[in-house]
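Throughout, residue positions are numbered sequentially from 1 according to the sequence presented. Every heavy atom of this structure was used, including side-chain atoms; hydrogens, water molecules and symmetry mates were not.
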Amino acid sequence: MATLNSEASARRRIWTLGWPIILSNITVPLLGLVDTAVVGHLPDSRYLAGVTLGATLFSFLYWGFGFLRMGTTGLTSQAVGRESDSEVRNLLGQALLMAMGIGALLILFSQPLIAVGLWLLDGSEVATRLAAEYAQIRILSAPAVLANYAILGWFLGQQNSRVTLAILVLTNSVNIALDLLFVVGLGMTSDGVAWATVIADYTALAFGGWLVLRQLKLLQGRFLRARLFRPAAYGELLQVNANLFLRTLGLLFAMAFFTSRGAAQGDTVLAANAVLMQFIMLTSYALDGFAHAAEATTGRAVGRRRWDEFGTSVRAATEFSLITATAAALAFALGGHQLIALLTGLPEVRATAGEYLPWMVAMPLIAVWSYLLDGVFIGATAIREMRNSIFLALAIYLPAWWLTQQAAAPDYVNHALWLSFLIFTAARSLVLAGYYWHHRRGRWCHQPNDDTAQRIPNRSV
């Protein structure tokens, strides 16, 4: 009976943490739609091209610094498990100082960063010029964006995902309102969209700061100067974040390589692949919710050295993730053509995307394991394993692409590309699964010296 109760409690906890993240993820494409609609109604299409190019640059740039969220979540959740309020405090201080420092450096070196980034994106001359103007404004919010990552990670590490929902809803609501005010009301163009985003990011930081101050009143301990201003004290955080950064670079390379190989087949194939990638993004919005929940719950269990609790958390997150992945696969199988029609009105792109739709049915069932296990490994701060999984998968992905391209008939080149990407995803999942089972037999199971830790009372922070 106790086991049944613990399993039911773990499911409730995963669901309670997961649904606000899923809802907050849904607000992200909504903002993109509003940005597109507002700028898309300007009399000249070059403004839409410039905003699209600039927004793409910042998506890649800020995604690269997502380690500030992930690393903070893992370390904070373990500190919560150890019931070290002082460590929870100081991890926030370290993460915020690191975020502000990186943000300031991005502003300082913005000119060459933007120039190189836009050169790599290779847009038209007019679009690149407008994108550069947009980017020079957007870069001003870098400290706020990165600090918000740290704040979101800190709250998630304390199993408070509703803060994520509140901050993102506020950010996107302010952004949408200012888009309409600046562009529609005041007659601004792409610069209005950029300023709307900057103001929204700092508004979110102010709101997040207020929530942080409220939470700090509930925590014991104090900020320690030696933890905040002594470089040696950042060793663990830097190690975790450095490995997460390398892992993200590897993942970005895999996505960029896929896009470039699709582009080499012509505009129609490129557009069709981009439409199908939205299927993967839609799936990720739901799977990320349960992966983030796994980060918080498994991290707390690792901090408490409660391996029974660790196992029940993983099983609960697995159940929700598999249900979601299966539902996504069925939805794509039964309604994929209708979804493609919603995403594009071009007949040739619809037909081409429909040809490769079966890969979308298979993808959620393969990718679910990498999403889930990423969450588990972040919670356990087993970041080297995550880094290794990406680069081992890349070592399989690139030869698989070459071999399938050589073997494929001309009409099946893009099928071969999707096959190689599926192999990359499967390899990543298998490597993480191998690490997981290895650690569950070793360091992620009960040890004799865990007896004292097992008796830590269950107290929420």
Side-chain angles (χ1 to χ4, degrees), residues 16-42 47-48 50-52 54-59 61-63 65-66 68-69 73 96 99 103 134-135 137-156 158 160-215 278 281-282 284-286 288-289 292-293 342-343:
T16 300
L17 289 170
W19 73 259
I21 297 169
I22 295 170
L23 283 182
S24 64
N25 285 343
I26 292 172
T27 68
V28 176
L30 176 62
L31 173 61
L33 287 172
V34 173
D35 277 351
T36 300
V38 168
V39 184
H41 281 85
L42 291 173
Y47 295 115
L48 178 58
V51 169
T52 301
T56 301
L57 171 64
F58 281 94
S59 294
L61 179 64
Y62 289 147
W63 193 23
F65 292 103
L68 286 164
R69 203 280 305 158
T73 296
L96 286 176
Y134 170 92
I137 299 170
R138 272 289 303 272
I139 197 69
L140 298 176
S141 68
V145 171
L146 301 187
N148 285 329
Y149 284 174
I151 290 171
L152 292 175
W154 187 68
F155 274 107
L156 184 57
Q158 296 173 81
N160 187 342
S161 60
R162 296 191 183 191
V163 165
T164 300
L165 177 59
I167 290 177
L168 288 181
V169 167
L170 174 68
T171 306
N172 293 333
S173 298
V174 171
N175 205 335
I176 289 169
L178 292 177
D179 270 349
L180 296 172
L181 173 63
F182 292 160
V183 179
V184 179
L186 301 180
M188 300 172 73
T189 58
S190 51
D191 59 334
V193 176
W195 279 116
T197 304
V198 170
I199 295 171
D201 287 334
Y202 279 101
T203 301
L205 178 59
F207 179 58
W210 175 70
L211 292 173
V212 164
L213 291 176
R214 286 205 322 169
Q215 182 66 11
Q278 295 306 307
M281 293 301 297
L282 287 170
S284 74
Y285 293 146
D288 272 347
H292 290 354
L342 285 175
L343 293 173

(request) Please name all residues satisfying side-chain contact (heavy atoms from CB on, under 4.5 Å) with A286, sequence neighbours left out, ordered by chain then number. (result) T324

(request) Quick one: list whatever passes side-chain contact (heavy atoms from CB on, under 4.5 Å) with S173, sequence neighbours left out. (result) V169

(request) Give the minimum heavy-atom separation between A142 and Y62, together with the two atoms involved. (result) CA-OH, 3.4 Å

(request) State which residues pass side-chain contact (heavy atoms from CB on, under 4.5 Å) with L96; sequence neighbours excluded, sorted by chain then number. (result) L92, A147, A150, I151

(request) Apply side-chain contact (heavy atoms from CB on, under 4.5 Å) to D288 and list each qualifying residue two or more places apart in sequence or on a separate chain. (result) N25, S284, H292, Y371

(request) Over all heavy atoms of both residues, which pair between L152 and V163 is shortest? Give the atoms and the distance, please. (result) CD2-O, 4.4 Å

(message) Within the structure provided, determine whether R162 and W19 are in side-chain contact (heavy-atom separation under 4.5 Å).
(response) yes

(request) Would you indicate whether the side-chain heavy atoms of M188 and W195 approach each other to under 4.5 Å? (result) yes

(request) Working to the nearest 0.5 Å, report the span between CD1 of I22 and OH of Y285. (result) 13.0 Å

(request) Identify the heavy atoms of T164 and S24 that sit nearest to each other, and give their distance. (result) CG2-OG, 3.7 Å

(request) Identify the heavy atoms of I21 and A293 that sit nearest to each other, and give their distance. (result) CD1-N, 4.4 Å

(request) Drop me the distance from T197's OG1 to F58's CZ, to the nearest 0.5 angstrom. (result) 9.5 Å

(request) Measure the spacing between CG of N175 and CG of L180 and express it to the nearest 0.5 Å. (result) 10.0 Å

(message) For S161 versus T16, what's the shortest heavy-atom pair and its separation?
(response) OG-O, 3.7 Å

(request) Output the distance between atom OG1 (T171) and atom CG (L205), rounded to the nearest 0.5 Å. (result) 9.5 Å

(message) Does any part of the side chain of V193, heavy atoms only, come nearer than 4.5 Å to the side chain of V183, both counted from C-beta?
(response) yes

(message) Are W154 and T73 packed together at the side-chain level, in the sense that at least one heavy-atom pair is separated by less than 4.5 angstrom?
(response) no

(request) Give, for atom CD of Q215 and atom CG of N160, the distance between the pair rounded to the nearest 0.5 Å. (result) 6.5 Å

(request) Apply ring-ring contact (aromatic ring centres under 6.0 Å, His included) to F182 and list each qualifying residue two or more places apart in sequence or on a separate chain. (result) none

(request) Name all residues meeting the ring-ring contact (aromatic ring centres under 6.0 Å, His included) criterion together with Y202; count only those two or more places apart in sequence or in a different chain, and write none if there are none. (result) none

(message) Before you tell me yes or no, could you show the steps for V212 and F155 under side-chain contact (heavy atoms from CB on, under 4.5 Å), namely the whole-Å CA-CA distance, both residues' side-chain angles and the distance that decides it to 0.1 Å?
(response) CA-CA 8 Å; V212 164; F155 274 107; 3.8 Å; yes

(message) Could you measure the distance from the OG1 atom of T203 to the CG atom of N148? Nearest 0.5 Å is fine.
(response) 10.0 Å

(message) Can you list everything that forms a salt bridge (Lys or Arg N to Asp or Glu O under 4.0 Å) with R69? Sequence neighbours excluded, please.
(response) E295

(message) My understanding is that only residues two or more places apart in sequence, or in another chain, count here; which of them pass side-chain hydrogen bond (donor to acceptor under 3.5 Å, both in side chains) with S141?
(response) D201

(request) Would you please name every residue forming a side-chain hydrogen bond (donor to acceptor under 3.5 Å, both in side chains) with D191, sequence neighbours left out? (result) T189

